[in-house]
Number of protein chains: 2
Amino acid sequence: MSAAAPSTIGNEDLVGRRVLLVDDDPTVAEVASSYLRAAGFVVQEAADGFAALDAADAGRPDLIVLDRMLPGIDGLEVFRRLRGRCSTPVIMLTALGSEDDRIAGLEAGADDYLAKPFSPRELVLRVQSVLRRSIDEFTPESVLECGEFRLDPSARVATRAGAELALTLREFDLLEFLLKHPDQVFSREELLRTVWGWAYGDLSTVTVHVRRLREKIERNPRSPTMLTTVWGVGYRFTTTGRADAVG
Amino acid sequence: MSAAAPSTIGNEDLVGRRVLLVDDDPTVAEVASSYLRAAGFVVQEAADGFAALDAADAGRPDLIVLDRMLPGIDGLEVFRRLRGRCSTPVIMLTALGSEDDRIAGLEAGADDYLAKPFSPRELVLRVQSVLRRSIDEFTPESVLECGEFRLDPSARVATRAGAELALTLREFDLLEFLLKHPDQVFSREELLRTVWGWAYGDLSTVTVHVRRLREKIERNPRSPTMLTTVWGVGYRFTTTGRADAVG
DNA sequence: CCAGGTCTTACGGAACCCGAACGGATGCGC
DNA sequence: GCGCATCCGTTCGGGTTCCGTAAGACCTGG
């Protein structure tokens with residue numbers, strides 16, 4: 001996901017990288033490209049699938065931001081053809097609400113996802129994250145370990161004390177993000193933006209999914225010790241033993 | 001509608017940031033600007049789109065509050081032109097608070113949105129929230145250490161001599177601010193402005209919260225030794241012996 | 001001794017979090 | 001194609017926590 005695992009690569013190392021932006025909506029394209037440029041990227045644009053394929057050949061971008069909905073050939077089809085010739089990382093843009101897009105994309109092997117409408121800032125963050133990841137090369141996505149938890153992002157398998165946890169898609173994403181940023185509090189809004197990829201939405205969605213996740217990972221879901229609530233702020237995955245103080 | 005989303009960056013870190021306020025209604029502009037100034041921002045105003053674009057070039061603001069309804073060129077158009085030249089975060093104001101407007105604004109790429117009529121406090125909160133978001137996202141903030149106190153803003157965990165303190169949101173924010181500025185006296189007004197983000201308000205709010213905080217951090221709350229009162233002036237966090245904030 | 005500032009306590013209400021349940025959408029087996 | 005199970009997002013009621021304010025007692029300095 002968008003999370004940045006501790007890496008030696010700073011954002012300044014990403015300056016000058018080439019990003020190909022594929023979207024038929026001129027407004028979206030303009031906004032996104034302006035943000036990406038401001039972040040130091042060299043941006044090339046394409047408005048449809050064929051132009052995208054050409055540009056990918058000619059421009060040799062380091063990363064491609066690809067809208068799912070395109071005139072002419074579908075974004076997913078463009079993605080498949082791209083994969084046929086190169087392994088450039090791809091971030092897919094999808095319309096909000098079509099959940100199958102997300103799943104189809106994950107199966108197809110997109111590197112990240114962002115739901116429209118998205119905050120342009122969020123896009124920049126994701127681009128940087130994916131690029132960092134792709135540069136690291138050796139650890140495509142390292143396995144996360146935290147206490148008795150073990151989470152393999154590429155295999156999408158999570159275990160606690162060896163026993164596999166039957167997590168749903170969202171639950172997995174949520175746990176993955178939290179494990180990547182342990183001992184850090186995130187508000188519901190932040191989680192909705194980063195894990196869900198939504199610029200806005202019902203915050204209770206996060207609440208409920210946290211509850212469901214607790215049901216599966218906590219010994220006693222009623223009084224959680226790891227995925228704790230920070231009142232008025234958000235949630236936190238605590239690693240250091242137990243961290244509840246009463247007073 | 002609930003804003004907020006407390007983060008790891010204190011409001012005091014936002015003091016001095018430049019905000020460009022674009023609204024043709026002098027009353028609205030005056031009220032909003034006074035609140036923003038009281039919150040520590042440097043405010044520049046513009047009454048129409050062209051002035052806004054000029055001011056954005058000249059003033060290089062850190063954030064822009066932009067009314068959607070403007071004489072001359074429309075706010076959305078101003079927004080697009082702004083995006084063409086820089087990526088300064090923008091908060092949009094609109095007269096009719098329908099959900100569609102909000103979505104339209106966010107889709108265009110605004111970072112946040114506020115419906116008129118809005119409470120000036122709400123505006124200040126949003127400005128702070130967006131600025132925080134644009135400054136940092138996942139980078140944990142450095143831990144504050146002072147005597148036997150230890151405070152981790154990212155995890156929102158405070159300990160004294162290793163024992164965790166059960167602080168509420170306000171108490172934590174208050175202690176965080178004081179630890180960041182040790183041995184310095186702050187009036188109630190200042191605390192209300194910086195910690196609470198209020199321009200005006202009942203000063204006894206501060207008094208009571210100081211008392212509650214003392215109850216939790218002082219050995220003998222009746223005769224405080226760290227969070228001391230400076231009569232007629234305000235409060236101060238006194239560092240006992242050696243005091244150093246690790247940055 | 002007075003006046004203004006500070007402390008303490010108490011209380012009502014607001015904000016917040018949780019649990020449970022519902023309906024819709026999707027994928028799967030038949 | 002048709003039920004069935006799963007997952008997801010939303011909604012609602014209830015209980016809890018926290019916050020801001022008010023009011024009175026106490027303290028400080030003149």
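Chain letters run A, B, ... following the sequence lines, proteins first, then strands; residues in each count from 1.
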- [ ] Could you list all the salt bridge (Lys or Arg N to Asp or Glu O under 4.0 Å) pairs where at least one residue sits in residues 196-215 of chain B, not counting sequence neighbours?
- [x] Arg211(B)-Glu215(B)

TODO: Quickly work out the Arg170(A) CZ to dC8(D) P distance and round it to whole Å.
DONE: 7 Å

Task: Interatomic distance where CG belongs to Asp173(B) and C1' belongs to dC18(D) [whole Å] - done: 13 Å

Task: Protein-nucleotide distance (Trp196(A), atom CH2; dT10(D), atom P), rounded to Å - done: 11 Å

- [ ] Looking only at side-chain atoms of Trp198(B), point me to the closest of dC18(D), dG9(D), dT21(D).
- [x] dT21(D)

- [ ] Could you tell me which residues satisfy salt bridge (charged side-chain N to carboxylate O under 4.0 Å, His left out) with Asp25(A), sequence neighbours excluded, listed by chain and number?
- [x] none

TODO: Take the protein atom CG of Asp202(A) and the nucleotide atom P of dC16(C), then report the distance between them rounded to whole Å.
DONE: 14 Å

Task: Ala163(B): partners by side-chain contact (heavy atoms from CB on, under 4.5 Å), with sequence neighbours left out - done: none

Open item on the list: What is the distance, to the nearest angstrom, from the NE2 atom on His209(A) to the C1' atom on dG19(C)?
Closed with: 15 Å

- [ ] Report the distance from atom CZ of Arg236(A) to atom C1' of dC17(C), rounded to the nearest whole Å.
- [x] 16 Å

Task: With Thr225(B) via side-chain contact (heavy atoms from CB on, under 4.5 Å) - residues at least two apart - done: Glu218(B)

Open item on the list: Going by the rule side-chain contact (heavy atoms from CB on, under 4.5 Å), which residues pair with Arg219(B) if we only count those two or more places apart in sequence or in a different chain?
Closed with: Glu148(B), Arg160(B)

Polar atom pairs (N or O), protein with nucleotides 4-8 of chain C, under 3.5 Å:
{"residue": "dT6(C)", "atom": "OP1", "partner": "Gly232(B)", "partner atom": "N", "Å": "3.0"}
{"residue": "dT6(C)", "atom": "OP2", "partner": "Arg188(B)", "partner atom": "NH1", "Å": "3.0"}
{"residue": "dC7(C)", "atom": "OP1", "partner": "Arg214(B)", "partner atom": "NH1", "Å": "3.2"}
{"residue": "dC7(C)", "atom": "OP1", "partner": "Thr229(B)", "partner atom": "OG1", "Å": "2.4"}
{"residue": "dC7(C)", "atom": "OP2", "partner": "Tyr235(B)", "partner atom": "OH", "Å": "2.8"}

Open item on the list: Between P on dC17(C) and CG on Leu227(A), what's the gap in Å once rounded to a whole number?
Closed with: 14 Å

Open item on the list: Would you say Thr205(A) places a side-chain N or O within less than 4.0 Å of OP1 or OP2 belonging to dT10(D)?
Closed with: yes

- [ ] Starting at atom CG of Leu203(A), determine the distance to atom P of dC18(C), rounded to an integer number of angstrom.
- [x] 13 Å

Task: Test: Arg156(B) and Asp173(B) ion pair at under 4.0 Å - done: yes

